[in-house]
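Numbers here simply count residues along the sequence, with the first being 1.
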Amino acid sequence: MQDTQSPIPPPPGGGPQGIPPQGMAYPAPPRKSRWWIPFAVIGGIILAGMAAVLFVIVAFVGGIMAGIEGSDTPKSVKDNTVLVIDMSGGLEESTTEDPFAIFSSGGKSQTSLYDMLEAIRKAKSDDKIKGLYIKGGASGAGMAKLAEVREAIEDFKTSRKFVYAYLDMGSKSQYYMASVADSVFMPHEGLLEFTAFGTSAPFMKGLYDKLGVSWNVEQFEEYKSAAESMTRDKWSEPAKEEVRALLEQRNSMFIQAVAESRRLEPSYVRAVMDHGVYLPDSLKHYRLVDALAHEEDVRRRIHARMNPNDTNEYTRLRTVSITRYLDQVEETKATSEKGIAIVYASGVINSGKQGSPFDGGGIYSQAFIKNLKKAAKDDDVKGIIIRIDSPGGSAFASDEMWTAIREVRKTKPVYASMSDVAASGGYYMAMACDTIIAHPATITGSIGVIMAMPNLTGTIAKVGVTVDTINLGPSASFMNPLLPLTDAERSRLHDYGANTYRRFVQKVADSRGKDFESTRLLARGRVWTGAAAKERGLVDIEGGLDVAIKAMKNRLKVGKNETVEIYRFPRQEDGLQAFLSIFNQDDEASSDDESSPGASASSIVEAIMARVSADPTGARQVYTAMPRPIRQQVDHTASITKLAMQEHALMVLPVNFPME
């Protein structure tokens, strides 16, 4: 009999609808396809990417439009404005641009010496600028640059406009700048190192010994002591002699400048320095500062001086920076058709070209020659000034640039203007010019050569590495850093350096109109001040950049009251150009080009310290915490090490010598 019983209905108000009781089963409903999910994920990623790209494009275009709009906006200096002299961001020879400045209200990341001097010169005759306000700063600038700025401020004071200075803390270099002011202020909590001159340098022989690195060094001659930081644990007597001479000159310049500005006797200033003064109360007692006040109080004093009838104590002082002032002030129109080019050569000398805008700074021979040729081919340029601020570096690159300068001299006059330092390879460049101008405080000379070659035999032995060779001739292993030099190879290294040195001295003798032996006695690797170099015939004229420009104007027969157009190479870019240049690099200047080393000297220092430290981060912190003069000398030594790894013949200054 067929069962006709109906299915059991769910209990009234009972369990979930459609759930069969136990023992019964219903066919499963057909499964829905989810084919759309991967497409949705991919589409979401694409939309998110497009949104991000759109955001960047909008920001980029907005930055450009803001820059364009800003450039169209009328700019002018307002009445009762004070020009601020602030070198805390550094004082470089050539202006560097911030590639991302188009996205901000900023612009140049640093102030160049030329811009600083130009702004002070214009402010002197600008009725809207009532005075200068010097803020503490001058980190890393050498004595020659500082002296040039100080001389410009002294000239500004002849306009009878005021100059105020404020220091919260700092070193002698910062006080050297501040002391030129009519009044110097410090806060009660400030600190100033008004002490006697001295310098210290780290010697890394012990570090290299621990790493198992030994150095084969040939120096020409006794004063050429750049490799001593790698091979000795203290200065040699000739090195002490030349460093002491530099210190004595700077000490004399400093004391004389402070004594004249503060109306004190030089012997009194020297006695205070020997005592060593730090605290503001003592500085005021010894008449080195005029009053103790916070910066806001100083700004109110300046405002009250310019606006005696304004009793509102909350009115802000109207100030303008160097960069913004030059943007706002009307450009001086040249009255002469004879333009002058300044071609900058700043930093350690390297072969090849700079790989990218983010590489470390320095002089790259091919890049320098390219800029020099641009200046030479410019019909508006009638004379060229090479502005040198370099301790030297590669002998090969120095000779490349020497040859290029000599070639340009055939068509246009070329003068050398020396900044803080133009020594060794820097002097090698200068002697190719028609005329050499050096500031009395310029470090120059160091006419000598070093052959430096590391030997890593001990290093690889520490980690259990051995070396085997297959040579098809006795010269195959020469200069192999993994093998020690034989006596014959060491003799060849010496001969190679001696020949390079002999050619260097002969070129100096030819350019200075001297015989070889008298020139060699001035060479020997000896470092001279600009003043001493002038006395010995290694320099033609004493003075800074302004003096060099005046000398070139005289050479071109431009009248004293005539103004000339100054063209600077490399060309100064605005923020947008600097940004676009990131994407428009020459293919030949790729970062993997062996002639364009991308690693900075500081990265090498950190790598070495990390090698002997259990904590690389801690090693980096130790390096960063070093006093800046010591850190600069460590970087200088690392630069020498890096060059020695690549090109064994060096023309480089023995010691990096900032004024502190």
Is there any side chain to side chain donor-acceptor pair (under 3.5 Å) pair reaching into residues 527-554, and which pairs are they, with sequence neighbours excluded? R512-D540
Which residue pairs pass the side chain to side chain donor-acceptor pair (under 3.5 Å) test with at least one member in residues 429-443, sequence neighbours excluded? E151-H439, R409-D434
Does a side-chain heavy-atom distance below 4.5 Å link [X] with [Y]?
X    : Y    : value
K135 : S88  : no
I322 : V84  : no
R502 : N499 : yes
Y223 : P238 : yes
I386 : Y415 : no
D510 : Q506 : yes
F516 : T519 : no
K374 : I369 : no

Contacts of [X] that satisfy side chain to side chain donor-acceptor pair (under 3.5 Å) - sequence neighbours left out:
X    : value
D380 : none
E260 : Q256
Y567 : none
S179 : R150

Please give me the minimum heavy-atom distance between [X] and [Y], naming the atom from each residue.
X    : Y    : result
D86  : G136 : OD1-O, 4.1 Å
D420 : A141 : OD2-C, 4.2 Å
A152 : L117 : CB-CD2, 3.8 Å
D127 : K130 : O-NZ, 2.9 Å
T563 : T335 : N-OG1, 2.9 Å
E154 : S261 : OE2-OG, 3.9 Å

Excluding sequence neighbours, so at least two apart, what forms ring pair (Phe, Tyr, Trp, His ring centres under 6.0 Å) with Y175? F194
Sorted by chain and number, sequence neighbours left out, ring pair (Phe, Tyr, Trp, His ring centres under 6.0 Å) with F504 holds for Y428
Donor-acceptor pair, side chain of [X] and main chain of [Y], under 3.5 angstrom:
X    : Y    : answer
D182 : V163 : yes
K161 : A123 : yes
S390 : S346 : no
Y344 : D389 : no
S365 : G352 : yes

Those residues that, when tested against R387, pass salt bridge (Lys or Arg N to Asp or Glu O under 4.0 Å) (two or more places apart): E93, E148
Nearest 0.5 Å please: distance from the [atom1] atom of [X] over to the [atom2] atom of [Y].
X    : Y    : atom1 : atom2 : answer
I153 : I120 : CD1   : CD1   : 4.5 Å
K370 : Y364 : NZ    : OH    : 15.0 Å
E118 : I566 : CD    : CD1   : 8.5 Å

Using the side-chain contact (heavy atoms from CB on, under 4.5 Å) criterion, which residues pair with T158? Sequence neighbours excluded. K124, D155
Among residues at least two apart in sequence or on other chains, which ones pass side-chain contact (heavy atoms from CB on, under 4.5 Å) with K338? S336, K382, L556, K557, V558
Looking only at the aromatic ring of each residue, does the gap between the centers of F197 and F254 stay below 6.0 angstrom? yes
Around atom NZ of K373, are there more than 12 heavy atoms from other residues, nucleotides or ligands closer than 6.0 Å? no
Hey, is D378 close enough to K412 for a salt bridge, meaning N to O under 4.0 Å? no
Inspect the contact between D115 and R568 and indicate whether a charged nitrogen and a carboxylate oxygen are less than 4.0 angstrom apart. yes
Flag for D126-Y325: side-chain donor and acceptor within less than 3.5 Å: yes
Without hydrogens or angle criteria, can the side chains of S446 and K224 be said to hold a donor-acceptor pair below 3.5 Å? yes
With salt bridge (charged side-chain N to carboxylate O under 4.0 Å, His left out) as the rule and sequence neighbours excluded, what pairs involving residues 518-529 come up? E221-R520, E222-R524, E241-R526, E517-R520
